[in-house]
Amino acid sequence: MELTRANGERLAKEGLAALRAGDPTSAYAALVQLKSGVVGMPTPWLLIAQAAERIGRDAEAEDALARYLTEEPRHLGALLMIAALKRRGGDERAAQSYYKTALAMAALPTTTVSPVLVPMLREGEAFLAESTARFTDHLEQAVTRTGLAKGAAGARVREALDLLLGRRELYLQQPSMFYFPGLPQRAFYERAEFEWLPAMEAAVEAMRGEALAAMNGDGFAPYVQTSADRPPPANHLRDDPNWSAYHLWRGGDVVVENASRCPVTMATLENAPIPVIAKRSPMAIYSLLKPGTHIQPHHGMLNTRLICHIPLIAPDGCALRVGAETRHWRRGETLIFDDSFEHEAWNRGNDTRVVLLFEIWRPEITADERAALTEMFETIDTYQGVGVDQG
């Protein structure tokens with residue numbers, strides 16, 4: 001017999017009252033009659049699911065919740081209920097999916113979480129942590145067994161595994177001005193990849209002496225400076241001598257007064273494949289970072305170059321993070337990196353850090369591409385002036 005709306009509403013009220021009274025059997029008996037639908041009344045799928053779950057009819061409860069979630073796909077209680085049912089039924093992947101969605105919903109500032117759901121959310125967090133640990137162990141055992149991550153050849157496999165497991169954050173090139181496509185997404189390059197570098201590192205002690213002499217003069221100036229005809233840079237170290245530069249090459253021109261005091265450094269720079277771009281490059285400086293100074297995360301202007309740091313004064317407590325990797329400066333051991341990745345640097349030591357900083361062409365860029373890029377940058381600059389990288 002087809003139920004009238006009045007009878008349907010009566011059964012729904014009886015079912016709700018029985019649930020509240022702790023009598024799921026009576027609740028189910030009343031609510032199950034509404035599964036076929038009542039004209040003019042929505043089917044109380046959530047109540048049906050609650051009653052069915054409490055008397056052990058898990059399949060019926062899952063079906064009812066699935067129907068309810070088609071109408072209310074982000075209902076927090078329903079998501080948590082079906083997640084628990086999936087977990088109890090052994091469907092770990094489905095349980096993970098529902099729990100992740102529920103936790104994301106609960107984290108939204110617009111979501112009001114009922115106190116009764118808080119234990120269910122904590123249960124979901126614990127389950128996800130346990131299942132992630134099991135999955136991690138399962139995957140690492142397989143990778144170890146197959147030998148896929150052995151040696152240098154497995155570095156990318158290990159990195160991919162860390163990304164998959166959430167142990168490493170994904171960073172990509174995001175230059176603030178110009179992006180050249182098709183280049184590898186590498187934050188750091190290794191010293192052994194550059195045949196011209198040993199000759200430069202062999203001169204470290206002499207260059208260090210020149211840098212120390214420069215520090216006794218007045219040639220250092222804040223790296224980030226306010227210009228009278230431009231808006232002030234949005235950098236907390238603007239006009240701050242704690243991060244300073246001693247310019248040897250600037251905007252493609254030799255800074256004669258400074259360069260004349262540093263002949264070994266200037267001769268050494270001739271070894272590197274530094275771009276020659278009118279009003280832009282060469283660029284080379286002694287970069288000074290005083291104790292307690294933190295250069296906040298930022299991106300460089302271009303991904304067509306690499307930045308080289310040859311550490312001349314490298315106290316403990318100083319480091320550079322590029323993307324997901326942090327490396328420490330060590331005297332004479334060059335760090336080469338793509339500054340179009342998010343990067344930051346700090347000096348948490350007790351002494352000043354000084355590096356010789358200069359840029360080189362990305363090795364993957366061909367001679368023809370370098371010529372085209374040089375022409376492009378010079379053409380841009382003749383129209384609108386040079387964009388200054390302010391860290």
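Positions are given from 1, in the same order as the sequence printed here.
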What is the distance from atom [atom1] of [X] to atom [atom2] of [Y], rounded to the nearest 0.5 Å?
X      : Y      : atom1 : atom2 : answer
Ile307 : Leu302 : CD1   : CG    : 8.5 Å
Asp58  : Lys86  : CG    : NZ    : 10.5 Å
Glu359 : Asp339 : CD    : CG    : 8.5 Å
Ser340 : Arg362 : OG    : CZ    : 6.5 Å
Phe341 : Arg321 : CZ    : CZ    : 11.5 Å
Leu80  : Leu85  : CG    : CG    : 11.0 Å

With a 3.5 Å cut-off and no angle check, do the side chains of [X] and [Y] form a donor-acceptor pair?
X      : Y      : value
Glu344 : His298 : no
Thr334 : Glu201 : yes
Thr101 : Arg74  : no
Gln225 : Asp239 : no
Arg238 : Tyr223 : no
Gln141 : Thr144 : no

Do Arg327 and Phe188 meet the cation-pi criteria used here (NZ or CZ under 6.0 Å from the six-membered ring centre, within 45° of the axis)?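 Because its charged atom sits under 6.0 Å from the ring centre and within 45° of the axis, Arg327 does stack over Phe188.
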
_Salt-bridge criterion met for Lys35 and Glu60 (N-O under 4.0 Å)_ = yes

Exercise. Considering only NZ, NE, NH1 and NH2 on the basic side and carboxylate oxygens on the acidic side, decide whether Asp63 and Arg67 come within less than 4.0 Å.
Key: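 Yes, Asp63 and Arg67 are salt-bridged.
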
Less than 4.5 Å apart, any side-chain heavy atom of Leu47 and any of Leu19?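 Answer yes - side chains close enough.
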
Shortest non-hydrogen contact between [X] and [Y], atoms and distance:
X      : Y      : result
Ile274 : Met283 : CG2-N, 4.5 Å
Asp338 : Arg305 : OD1-O, 4.3 Å
Ala78  : Leu69  : CB-CD2, 3.7 Å

Within a reach of under 6.0 Å around [atom1] of [X], are more than 12 heavy atoms found that belong to other residues, nucleotides or ligands?
X      : atom1 : value
Asp137 : CG    : yes
Asp316 : CG    : no
Arg122 : CZ    : yes
Arg54  : CZ    : yes

Review point. Are any side-chain N or O atoms of Thr132 and backbone N or O atoms of Ala129, one a donor and one an acceptor, separated by less than 3.5 Å?
Key: no

Residue pairs passing the side-chain hydrogen bond (donor to acceptor under 3.5 Å, both in side chains) test with at least one member in residues 255-277, sequence neighbours excluded, are Glu210-Thr265, Tyr246-Asn258, Glu257-Arg261, Thr265-Tyr286

